[in-house]
Amino acid sequence: MKVEAIINKLNSNSAKNYSIKQTEELAKQILQDCGFDHVVGATPIIKIANTFGFLCLKAENIPKDISGNIFVGGTTKDIYNSDKVIIVGCDEAYEHQRFIIAHELAHYLLDYLGSPESKNPKLLFSKTYPKTNHCSNEEIRADRFAAELLMPAKLFLKQYVKAMEVSDFNKKYTVSYLATFFKTKRSSIERRIDEVIS
């Protein structure tokens, strides 16, 4: 299934009710369809977002309580010269910017495609990446999608075992190694260890 097929499938059958497992399977499918399922190291998240037609931008003037945003449709094309935009805060760490892009892509796939907004391009779809409060079902699913896209479980487990053996089971070294390997924040690695290893 290629990217266009994924979009068509989600347009005809909304993913709003996807379980966490279905969400992770979607991320795996995207890695495979984009040809990045054999990448060893950091997932090229901007290339993947571009494949779905997104322009990724950094901004200095976003509200202090959010780290990023997604805009699709409405006046987006008039403002950004693209009808699909993901914006990340300039002040966010590079590793966190990568996660925000993956998270916002999840909102497009899981919450936009198949929605009323997707049927009418004049309607604006927008979701923010809040600095706190990722407790809603939508935010939890978007976080898990981003985690699987940036830190695929199979590769994560392999690298985790390698790092633990090399470090003589030093968790601090392992977290640092994995954060560098996947180009993600240490807190994302610690959460991913709980998701994959536990």
Side-chain angles (χ1 to χ4, degrees), residues 1-59 67-88 97-129 136-156 182-184 188 192:
M1 183 183 298
K2 297 297 176 201
V3 169
E4 299 83 23
I6 290 172
I7 291 171
N8 290 337
K9 177 184 175 190
L10 295 176
N11 257 330
S12 64
N13 187 16
S14 175
K16 278 197 177 286
N17 296 319
Y18 268 27
S19 67
I20 295 294
K21 183 159 181 55
Q22 288 171 306
T23 299
E24 291 174 333
E25 289 301 319
L26 177 60
K28 289 177 192 174
Q29 186 69 53
I30 288 168
L31 285 172
Q32 182 179 351
D33 290 354
C34 290
F36 298 122
D37 54 331
H38 296 299
V39 169
V40 178
T43 299
I45 188 59
I46 292 176
K47 284 185 181 178
I48 291 173
N50 293 160
T51 301
F52 282 93
F54 278 92
L55 174 64
C56 298
L57 301 171
K58 294 181 186 181
S67 299
N69 210 330
I70 181 174
F71 298 105
V72 180
T75 59
T76 305
K77 189 163 186 134
D78 297 334
I79 297 168
Y80 299 103
N81 211 21
S82 176
D83 62 346
K84 296 179 193 171
V85 178
I86 296 174
I87 298 173
V88 297
Q97 290 175 357
R98 288 171 41 75
F99 194 88
I100 294 165
I101 292 168
H103 176 102
E104 295 302 325
L105 179 61
H107 282 309
Y108 170 73
L109 297 166
L110 301 169
D111 303 319
Y112 172 75
L113 294 177
S115 72
E117 292 98 333
S118 70
K119 309 295 186 230
N120 183 352
K122 291 183 179 181
L123 296 176
L124 175 66
F125 174 80
S126 176
K127 291 275 185 187
T128 61
Y129 185 100
S136 72
N137 188 44
E138 281 183 353
E139 295 301 314
I140 291 168
R141 287 184 318 146
D143 280 349
R144 286 298 283 271
F145 174 89
E148 182 62 37
L149 201 62
L150 297 175
M151 301 167 280
K154 189 174 177 181
L155 179 59
F156 189 89
F182 289 105
K183 291 187 176 47
T184 56
S188 295
R192 194 67 174 148

Checking S82 side chain against K77 main chain: does a donor-acceptor pair fall under 3.5 Å? no
Donor-acceptor pair between E117 and S115 side chains, under 3.5 angstrom: yes
Hey, is the main chain of N50 close enough, under 3.5 Å, to the side chain of K84 for a donor-acceptor pair? no
On a heavy-atom basis, the closest approach of L123 and P116 is CD1-O, 4.0 Å
Is any side-chain heavy atom of C56 closer than 4.5 Å to one of V88? no
Given R144 and E24, is the salt bridge (charged side-chain N to carboxylate O under 4.0 Å, His left out) satisfied, shown in steps? CA-CA 7 Å; R144 286 298 283 271; E24 291 174 333; 2.8 Å; yes
Check K154 with E148, please: is the shortest side-chain N to carboxylate O separation under 4.0 Å? no
4.5 Å side-chain heavy-atom contact, I70 and F54: yes
Check: V3 and I30 side chains under 4.5 Å, non-hydrogen atoms: no
Indicate yes or no for a side-chain donor-acceptor contact from R192 to the backbone of F156 under 3.5 Å, with no hydrogens or angles considered. no
Is a side-chain donor or acceptor of N8 paired with a backbone partner of E4 at a separation under 3.5 angstrom? yes
Short side-chain to backbone donor-acceptor contact, D83 and V72, under 3.5 Å: no
Do the rings of Y108 and Y112 sit parallel, tilted or perpendicular, given the 30° and 60° boundaries? parallel
Shortest non-hydrogen pair, L10 vs A15, comes out as CD2-CB, 3.7 Å
Quick one: does T75's side chain have a donor or acceptor within less than 3.5 Å of a partner on D78's backbone? no
Looking only at atom types and distance, does a side-chain atom of R141 sit under 3.5 Å from a main-chain N or O of K16, one as donor and one as acceptor? yes
